[in-house]
Amino acid sequence: MGDSKDNLLWISWHDSAWIPILNPTNVMDYFQSTTNPFYDRTCNNEIVKMQRLNMEHLSNLTGLEYMLLHVQEPILYVIRKQHRHSASTVTPLADFYIIAGVVYQAPDLGSVINSRISTTVNHLQGAFDEARSYSRYHPSKGYWWEFKEAETKDQDENKKSQRKSSKDKAKEESGSAFQRHRVNILLTDLAKKFPLKNTPYPTPGGQLPEQRTSTEDNSKADIKVEVKPEPHSSKPPPEKKPRIG
């Protein structure tokens, strides 16, 4: 392939004024525009056009000419550039296709094969370079392969940890500062409107403190004071002796 400026395979041409009205009857006039770089003005089409003759007279001339080869309305037109030797002998030189009003040159077989081979060689060279990066050599051991499996595993673990950290950050930063501030204000307003009641917690015995105090008072009221009598002894009380003055 030559330079992209000189190679017609790298360029395209169109005329926006013609595209809406393009049809099989005027597509050759569209292709023969003065600004079309694919059109050679030394062809027999120009001679017939200048003499205002019908295009059927091209078969009577010899030399370079253009003809409408294929039509697939309304989007595809194929025009062939050929060299006429006689009324029945022609040599195709190039094909041009018009898709949606844009003119391109169809690549020849040599260009297609050259492009495919270049792409294949490029990929093969990259594969050989990568394989060579894994080969190792030592005079005592010889050649061996050392694949970087550990590095790939470490890279995968680092990627996973980075993803987890990003997810954790996203969870932590689930709301903006404005949203969190507004939520706090709403919660304080609700707490003021509906204050919490002090509900006593039950004791281990299963009774509330108020019930416990009432039962204790009742038990105190039920307690009777009992006086134990002194035991009677079998001895009689001592007699009173008269006091001698």
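- The number of heavy-atom neighbours closer than 6.0 Å to CD of Glu56, taken from other residues, nucleotides and ligands shown, is 12 or below.
- Annotation: side chain of Tyr30 is not in contact with side chain of Ile21 (no heavy-atom distance under 4.5 Å).
- Note on ring orientation: taking the six-membered ring where Trp is involved, the planes of Phe31 and Tyr39 are perpendicular (angle over 60°, cut-offs 30° and 60°).
- Contacts classified as salt bridge (Lys or Arg N to Asp or Glu O under 4.0 Å) and involving residues 90-103 (residues at least two apart or in different chains) are given here: Arg80-Asp95.
- In this structure, Asn26 contributes its side chain and Asn23 its backbone to a donor-acceptor pair below 3.5 Å.
- In this structure, Pro107 and Leu9 approach most closely via the heavy-atom pair CA-CD2, 3.6 Å.
- Using a 30° and 60° split on the angle between ring planes, Phe147 and Trp145 fall in the parallel class, below 30°.
- Here the side chain of Ser33 pairs no donor or acceptor atom with the backbone of Asn36 at under 3.5 angstrom.
- Ser111 and Asp108 share a side-chain donor-acceptor pair at under 3.5 Å.
- Heavy atoms of other residues, nucleotides or ligands lying less than 6.0 angstrom from CZ of Arg41 number more than 12.
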From CA spacing to verdict: side-chain hydrogen bond (donor to acceptor under 3.5 Å, both in side chains), Asn122, Thr119: CA-CA 5 Å; Asn122 188 16; Thr119 304; over 6 Å; no
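- One hydrophobic cluster holds both Ile11 and Phe96 under the rule that ILVMFWY side chains link at heavy-atom gaps under 4.5 Å.
- Looking at Thr120, its side chain does come within 3.5 Å of a backbone N or O of Arg116 through a donor-acceptor pair.
- Side-chain contact between Glu146 and Tyr134 is absent, with no heavy-atom pair separated by less than 4.5 Å.
- Interatomic distance, Leu53 CG to Asn44 CG, rounded to the nearest 0.5 Å: 11.5 Å.
- Contact detail for Tyr66 and Phe38: the closest heavy-atom pair is OH-O, 3.2 Å.
- Ile79 has its side chain within reach of Met28: a pair of non-hydrogen atoms, C-beta onward, lies under 4.5 Å apart.
- With rounding to the nearest 0.5 Å, the separation of NZ in Lys81 from CG in Leu69 is 15.5 Å.
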Let me see the working for Val71 and Val27 under side-chain contact (heavy atoms from CB on, under 4.5 Å), right down to the final yes or no. CA-CA 10 Å; Val71 176; Val27 66; 5.8 Å; no
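- A donor-acceptor pair under 3.5 Å is absent between the side-chain atoms of Ser115 and the main chain of Val112, judged by distance alone.
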Candidate pair Leu64 and Leu93, rule side-chain contact (heavy atoms from CB on, under 4.5 Å), full reasoning: CA-CA 9 Å; Leu64 187 64; Leu93 299 177; 3.6 Å; yes
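- Closest heavy-atom contact between Glu65 and Asn45: CA-OD1, 3.3 Å.
- Distance NE2/His14 to CD1/Ile99: 14.0 Å, rounded to 0.5 Å.
- Considering OG1 of Thr34 and CG of Asp15, their distance stands at 9.0 Å, rounded to 0.5 Å.
- The shortest heavy-atom contact between Pro92 and Gln82 is CA-CB, 4.0 Å.
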Under the side-chain contact (heavy atoms from CB on, under 4.5 Å) rule, what do Leu22 and Ile19 come out as? Steps first, then yes or no, please. CA-CA 5 Å; Leu22 202 60; Ile19 293 176; 5.7 Å; no
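- Counting only distance, with no hydrogens or angles, the side chain of Trp13 and the backbone of Pro37 share no donor-acceptor pair below 3.5 Å.
- You'll find the side chain of Met67 stays beyond 4.5 Å of the side chain of Leu58, heavy atoms only.
- A donor-acceptor pair under 3.5 Å is formed between the side chain of His57 and the backbone N or O of Asn54.
- Separation of atoms CZ (Arg84) and SG (Cys43) is listed at 13.0 Å; rounding is to 0.5 Å.
- Between Arg132 and Asp129 there is a salt bridge, with a side-chain nitrogen of the basic residue lying less than 4.0 Å from a carboxylate oxygen of the acidic one.
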Decide yes or no on side-chain contact (heavy atoms from CB on, under 4.5 Å) for Tyr97 and His70, but give the supporting numbers first. CA-CA 9 Å; Tyr97 57 95; His70 177 73; over 6 Å; no
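- Within a 6.0 Å sphere centred on OH of Tyr137, other residues, nucleotides and ligands contribute more than 12 heavy atoms.
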